[in-house]
Amino acid sequence: MAQTNLSPPFDFIREMIEEHLRTNRFQGRVMTRFPPEPNGYLHIGHAKSVCLNFGIAAQYGGTCNLRMDDTDPSGENQEYVDSIIQDVKWLGFEWKDRLFYASDYYEQLYQYAVQLIKKGKAYVCSLNAAEIRDYRGSLTEPGRESPYRNRSVEENLNLFERMRAGEFKEGSHVLRAKIDMASPNITMRDPIMYRIRYEPHYRTANQWCIYPMYDFAHCLSDSIERITHSICTLEFENNRPLYDWFLDELNVEYHPQQIEFARLNLGYTVLSKRRLIELVEDKCVRGWDDPRMPTLAGMRRRGYPPDAIRNFCERISVAKNDSLIDVALLEHCLRENLNEKAQRVMAVLHPLRLVIDNYPEGQTEEWDSPYHPQNPEMGSRKVPFSRTLYIEQEDFLENPPKKFYRLAPGREVRLRYGYFIKCVNVIKDPKTGQVAELHCTYDPETRSGFAPNGRKVDATIHWVSADHSIPAEVRLYDRLFRVANPLEGKSDFKEYLNEKSLETIRSCRVEPSLAHASPGSQFQFERVGYFCVDPDSSDKVLVFNRILTLRDSWSKASGKEKI
RNA sequence: UGGGGUGUCGUCAAGCGGUAAGACACAGGUCUUUGGAACCUGGACUCGGAGGUUCGAAUCCUCCCACCCCAGCCA
C-alpha cells in the first residue's frame with residue numbers, strides 16, 4: 001500500500017511513554033487496552049482509539065488487551081460484543097487470548113470496595129437520586145455532605161453486604177467514595193461507586209444486583225490487567241484525579257497512567273453512539289451496517305479497505321485539540337489505497353445505446369484488457385466488443401460547451417481499449433425529444449492504442465457491448481448530512497440529513513467478467529469510481545455499492561453534480 | 001462568577017528561546033488510450049489579542065478574549 005509517511009508516528013502520548021521508558025516508570029513495560037462498552041457498534045472514532053492503543057503496544061513491544069467495559073447491564077449484550085470482536089479483527093488487530101470483561105472482575109471489585117469501606121473511605125448513602133443531585137451543588141456552589149456520610153464502618157459493611165444480597169429496592173442506597181463535597185472538581189464530590197440494579201446482565205445474569213460505576217471499575221480493571229497507559233478521550237480529563245484517588249487509596253501494586261486525547265470528529269457525519277442509534281431506530285438508514293454509516297460495519301459493507309482506514313487514523317494524528325477532520329482526507333486515503341489494488345473494469349451506469357454502422361452485424365471481437373494498466377501483474381480479462389454498445393449518457397452532448405471533449409455530433413473519441421469512433425447521427429425519442437440512440441462509424445486502423453498518422457482524439461470513453469453485458473443494480477452513496485457539522489445549529493441534527501444520500505440505479509450494464517464477482521470484492525469502474533459487490537447480490541441481481549467517485553476535474557470545472 | 005482543557009495556513013498538525021515542517025484541500029503546469037493515476041510549482045512577512053522579559057519569542061512572564069468538557073444511581 002502506498003504509504004507516504006514512512007517515519008513512525010510521534011505525538012504527545014508517545015512522547016510521554018518514551019519519558020516513562022527513560023525514567024523506568026513501568027519497568028520498561030508498555031501495555032494498553034481498548035475498552036469499548038458493548039452497547040453499540042464501533043465507528044471510525046473508535047478506530048482511531050483502536051489504532052492508537054494497538055499501534056502503541058506494537059511499536060513499543062508491548063501488548064494491547066481487548067476489554068469489554070460492561071459495568072452497566074442496560075443496553076449491553078452479546079450481539080454487540082460479537083460485532084466489536086469482528087470489527088477490531090477486521091481492522092487488522094489481534095489480542096490472542098487477551099479478551100477480557102470488566103464483568104469478570106465483579107468479585108474483585110466488590111472486595112476492593114469493602115476495603116475502602118473498612119478504611120473509612122466509602123459509605124452507603126441512602127439519599128435518593130434527586131437528593132444526591134441536590135446535595136452535589138453546582139458548578140459555582142460547593143456541595144453539601146450527605147447525612148449518611150458518617151455511618152460507622154460496621155453499618156456500611158452491613159448495608160453494602162445487604163445491597164449485594166438484594167435486600168433493598170433499586171435506588172434506595174448507593175455506595176459512595178468519601179472524598180470532598182466542596183471540591184471544585186465535581187467528579188470528586190463523593191462519587192457513586194455502586195448502584196443497585198435488578199436488571200440481568202448479559203454475562204452474569206442475575207448473579208449481581210449491584211453494579212460498579214465506570215470511575216471505580218475502570219481504574220481497577222486497568223490495574224488488574226497491569227495496564228501501563230490507559231488512553232481515553234478528553235472528556236475524562238476531569239476524572240483523572242478520581243482514577244488516581246481510587247488506586248492510591250487502595251494502594252494497588254499497579255497504577256497506570258491515564259492519558260487523554262481528542263476524539264475524532266469527521267465532517268458530514270456524526271460519531272456518537274447515541275446519535276447513531278437514533279439514526280438506526282428512526283430508520284434514517286437501513287441499519288448499523290448501512291453503507292452510509294460511519295460504523296466500521298457500514299464502512300466494511302461500503303467497501304472501505306481496513307488498511308485505508310488504518311492509514312487515515314495514522315494521518316489525522318493524535319493531539320488534544322478539538323478538531324473536525326475534512327472528509328477529503330478520508331477520501332484521499334481510500335483513493336490512494338484503491339487506486340493501487342482495485343481491478344479496472346467497465347460499467348455503464350446510465351446506458352445510452354450506440355450503434356456502429358460500419359461494423360458488421362453479428363460480428364464479435366474479444367479484447368484482452370489489463371485489470372490494471374499500470375500494473376500488468378494484476379492480469380487481464382477478455383472484453384467482448386460488438387456492433388451495438390452502451391455508453392454513458394453523460395459522455396455525449398448534442399451541444400457541447402467549450403471544454404467538453406467527449407462525444408458530440410461529428411466528434412471522434414476513443415473507446416477504451418478499442419477503436420476510434422465518430423458520431424454520425426443522433427436519434428431522438430419523438431415524444432420526449434431525448435437522445436435515444438447514437439450512430440457512429442469506427443476506424444479499423446485505430447484498435448487499442450494505434451492511431452494512423454498521429455491522429456489524436458481528445459477523450460477516451462468507457463462502454464460495454466449491449467448483448468454481452470449483464471444488468472446490475474448500483475447504489476450511489478453521498479454524504480449522510482448536508483453540512484459539515486450537523487451538531488452545530490438546529491437542535492435536532494437529523495434536520496440536516498441529506499435526503500439524497502442514497503440513489504439506486506437498476507438499469508446499469510456491466511462487463512460480463514463481473515458475473516461471478518464475490519461480495520465484498522472491490523473494483524474501479526473506469527472513469528466512474530470505485531465500487532464493491534454488496535452482499536445483497538444474488539444469482540438474479542448483481543448489486544454494487546459505490547465506495548467513492550474518482551477525482552473528477554471535469555465536474556469540478558463544469559460545476560456539475562457528480563453522477 | 002468554580003474547576004479542567006485547547007487556541008499555529010481553508011482542514012488537520014509539527015514546533016519545547018535562535019528566526020514557521022509535513023499532510024489534505026485549493027490554484028497553475030507537465031504527462032497520459034481512465035478529464036483517473038503520476039510528477040512539478042505556488043502559497044502562514046506570521047503563530048487568539050495586548051503588553052512585557054531577551055541581542056533574539058509561536059516558544060518565557062502578565063493580563064485579556066474565544067471555544068470545548070464537568071452538576072447520570074451512563075461510559
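Computed from a prediction, not measured in an experiment: that's the story for all the values here. Just so we're on the same page: letters track the sequence lines, and every chain starts at 1.
The distance between atom CD of A:Glu199 and atom C1' of B:C74, rounded to the nearest whole Å, is 13 Å. The CG-C1' distance, from A:Leu329 to B:G10, rounds to 14 Å in whole Å. Distance, A:Leu139 CG to B:G4 C1': 12 Å, rounded to whole Å. Between the P atom of B:C69 and the CZ atom of A:Phe236 lies a distance of 14 Å, rounded to the nearest Å. Rounded to an integer number of Å, the gap from CG of A:Asn375 to P of B:U32 is 21 Å. Distance A:Phe216 CZ to B:C74 P: 16 Å, rounded to the nearest Å. Rounded to a whole Å, the NZ atom of A:Lys320 is 16 Å from the C1' atom of B:C67.
Closest to the A:Asn185 side chain, of the nucleotides B:G3, B:G10, B:G36, is B:G3. The A:Asn239 side chain lies nearest to B:A75 when the options are B:A75, B:U34, B:A71. Checking B:G7, B:C73, B:G4 against the side-chain heavy atoms of A:Asn321 singles out B:G7 as nearest. Of all nucleotides listed (B:C73, B:A75, B:G36), B:G36 comes nearest to the side chain of A:Arg344. Nearest to the side chain of A:Arg133, among B:A75, B:C69, B:G72, sits B:G72. In this structure, the nucleotide among B:G5, B:A27, B:A13 sitting nearest to the side chain of A:Ser323 is B:A13. Comparing atom distances between the A:Ala328 side chain and each of B:G2, B:A25, B:U34 picks out B:A25 as nearest. Between B:G72, B:U34, B:G3, one nucleotide has an atom nearer to the side chain of A:Thr460 than all others, and that is B:U34. With B:G2, B:C74, B:C69 as the candidates, the nucleotide lying closest to the side chain of A:Arg195 is B:C74. For A:Glu15, the side-chain atoms get nearest to B:C16 when compared with the rest of B:G36, B:C73, B:C16.
Only the P atoms considered, B:G5 is 28 Å distant from B:A57, to the nearest whole Å. Taking atom P on both nucleotides, B:C16 is separated from B:C60 by 10 Å, rounded to a whole Å.
The phosphate of B:A75 has neither OP1 nor OP2 within less than 4.0 Å of any side-chain N or O from A:Asn39. Residue A:Arg551 places at least one side-chain N or O under 4.0 Å from the OP1 or OP2 atom of B:C26. An OP1 or OP2 oxygen of B:A75 is reached within less than 4.0 angstrom by a side-chain nitrogen or oxygen of A:Thr71.
Taking syn as a glycosidic angle within 90° of 0, B:G17 does not qualify and is anti.
A salt bridge links A:Glu511 to A:Arg381: at least one charged side-chain nitrogen sits closer than 4.0 Å to a carboxylate oxygen.
No side-chain donor-acceptor contact under 3.5 Å links A:Tyr135 and A:Asp190.
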